[in-house]
Amino acid sequence: MRRGRGQGYLVGAVCVALCTVMLLPLLASVLASVKPTAEAAATPPTYLPHAVSLDSYERLWNYQQGLPTYLFNSLGTAVLTIVFTLALTVPAAYALARFRVPAKELVFVVLLLALIVPYQALLTPMFLMFARVGLTNSLVGLAVVHTAIQLPFSVYVLRNSFAAVPRELEEAAVMDGADSLQALRKVFLPAAFPAVVTVALFAFIMSWNEFLGALVMMSEGSKFTLPLVLAAARTETSLGGTDWGMLQAGITISIVPCVAVYLLLQRYYVSGLMSGAVK
């Protein structure tokens, strides 16, 4: 009993240490965002604010085109990425999992090979192609870039999840008169709902945080996403240096949606990732 209790304490101590390491940077950003401007730029920095001020959030709200514009651009791109990703990967994964597609295993492997190609290598040809069709400085064009980044992983997760659905359910639906599309909608999607949520969650977080693709595709300030405007704020000067308070306020705001979405969908995320990873 003593040995088991000691092991439990050890595991608990390790978990507390890991949580502390993970949460301290987030806490530091939140505390820095509510410091007065002079204190946020002080050297050496203070760990706890001597006074609480929301001036950094006010400056960020009115920065350049205004914070609502950048939040709308980031949120709009993320939502479009989710829609495009699910619209492409759900039928593709369903076909690879259930239909007799010629050389479908080879097709699946080729799709997975895209995971080893860094998307940065594709940005130049994609930019040249998008410039010809007028998709630069467009949320739709940026969402297409993010969708291309997300497709291989999404197909992998959904294909294995659809393949894990018992065939008896599909056969019962067919005997009741359902065609392939109805079976997908009424049998496979409800059964693989955690995997669908996992794909949507990964697509949202990737699109919300992605920087390089947005930097290449966007040149108009009114089309910038939140990561781009935070990078621009890094070069602004206040009191002879970077406005760290405003920058930390932007970081804090950018963290909130990701944490909120993850906490709300955590149950589906864990089960969906496991069903997509283990066939």
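All values reported here derive from a predicted model rather than from experimental measurement. Positions are given from 1 along the sequence.
Of the possible polar contacts, none joining the E171 side chain to the M175 backbone as a donor-acceptor pair under 3.5 Å is found. Within the 3.5 Å criterion, the main-chain N or O of I82 finds no donor-acceptor partner in the side chain of T85. The backbone N or O of P25 sits less than 3.5 Å from a side-chain atom of S29, completing a donor-acceptor pair. Under the 3.5 Å distance criterion, the side-chain polar atoms of Y57 are left unmatched by any main-chain donor or acceptor of M246. A donor-acceptor pair under 3.5 Å links the side-chain atoms of E210 to the main chain of G213, judged by distance alone. At least one donor-acceptor pair closer than 3.5 Å links the side chain of W208 to the backbone N or O of S254.
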L184 and V90: CA distance, side-chain angles, deciding distance, side-chain contact (heavy atoms from CB on, under 4.5 Å) verdict: CA-CA 9 Å; L184 171 63; V90 167; 4.1 Å; yes

Going through the checks in order, is the side-chain contact (heavy atoms from CB on, under 4.5 Å) test met by Y47 and L31? CA-CA 8 Å; Y47 293 102; L31 293 178; over 6 Å; no

Quick one: do Y70 and Y63 satisfy ring-ring contact (aromatic ring centres under 6.0 Å, His included)? Show the steps, please. CA-CA 10 Å; Y70 306 121; Y63 181 70; 7.1 Å; no

Audit row: L123, L212, side-chain contact (heavy atoms from CB on, under 4.5 Å) steps and yes/no: CA-CA 9 Å; L123 287 179; L212 187 58; 3.6 Å; yes

Apply side-chain contact (heavy atoms from CB on, under 4.5 Å) to residues I205 and V261 and explain how you reach the verdict. CA-CA 9 Å; I205 294 177; V261 170; 5.8 Å; no

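Looking at R98 and V165, their side chains come closer than 4.5 Å, going by heavy atoms from C-beta outward. Side-chain contact between L80 and L142 is absent, with no heavy atoms from C-beta onward closer than 4.5 Å. Inter-residue side-chain proximity for E170 and F188 is flagged as met; some heavy-atom pair is nearer than 4.5 Å. For the pair L67 and I253, the minimum side-chain heavy-atom distance is below 4.5 Å. No side-chain heavy atom of S56 sits under 4.5 Å from any side-chain heavy atom of W244. Inter-residue side-chain proximity for D55 and P36 is flagged as unmet; no heavy-atom pair is nearer than 4.5 Å. Side-chain contact between L112 and F153 is absent, with no heavy-atom pair separated by less than 4.5 Å. Put simply, the side chain of S154 does not reach to within 4.5 Å of the side chain of F202, judged on heavy atoms.
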Under 3.5 Å, which donor-acceptor pairs do the side chains of residues 215-233 form with other protein atoms, sequence neighbours left out?
| unit_1 | atom_1 | unit_2 | atom_2 | d |
| --- | --- | --- | --- | --- |
| S219 | OG | N137 | OD1 | 3.3 |
| S219 | OG | N137 | ND2 | 3.0 |

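The structure places CZ of F204 at 8.5 Å from CG of N209, a figure rounded to the nearest 0.5 Å. Put simply, CG on L122 and CD on Q120 are 9.0 Å apart, with the number rounded to the nearest 0.5 Å. One distance of note links NE2 of H146 with CG of L151; it measures 12.5 Å at 0.5 Å rounding. Interatomic distance, CZ of F108 versus OH of Y156, reported as 7.0 Å (0.5 Å rounding). Rounding to the nearest 0.5 Å places CG of N73 at 9.5 Å from CD of Q65.
In F211, the CZ atom is crowded: over 12 heavy atoms of neighbouring residues, nucleotides or ligands sit closer than 6.0 Å. No more than 12 heavy atoms of other residues, nucleotides or ligands sit less than 6.0 Å from atom CD of E58.
For the residue pair Q150/Y119, the side-chain donor-acceptor check at 3.5 Å is not satisfied.
Annotation for F130 and G141: closest pair CE2-O, 3.3 Å, computed over non-hydrogen atoms. The two residues A249 and L60 come nearest to each other via the heavy atoms C-CD2, 3.8 Å. Contact record, P49 with K35: CB-CG, 3.6 Å, taken as the closest heavy-atom pair. For the pair P194 and A191, the tightest heavy-atom approach, listed with the atom from each and the gap, is CD-O, 4.1 Å.
Residues V155 and F193 are members of one and the same hydrophobic cluster, defined by side-chain heavy-atom contacts under 4.5 angstrom among Ile, Leu, Val, Met, Phe, Trp and Tyr. Residue I251 is not grouped with residue V30 when hydrophobic side chains (ILVMFWY) are merged at heavy-atom distances under 4.5 angstrom, including chains of intermediate members. In this structure, V117 is a member of the same hydrophobic cluster as L113, with clusters built from ILVMFWY side-chain heavy atoms closer than 4.5 Å. In this structure, L96 is not a member of the same hydrophobic cluster as L106, with clusters built from ILVMFWY side-chain heavy atoms closer than 4.5 Å. In the hydrophobic cluster analysis, where Ile, Leu, Val, Met, Phe, Trp and Tyr join through side-chain heavy atoms closer than 4.5 angstrom, V187 is grouped together with Y94.
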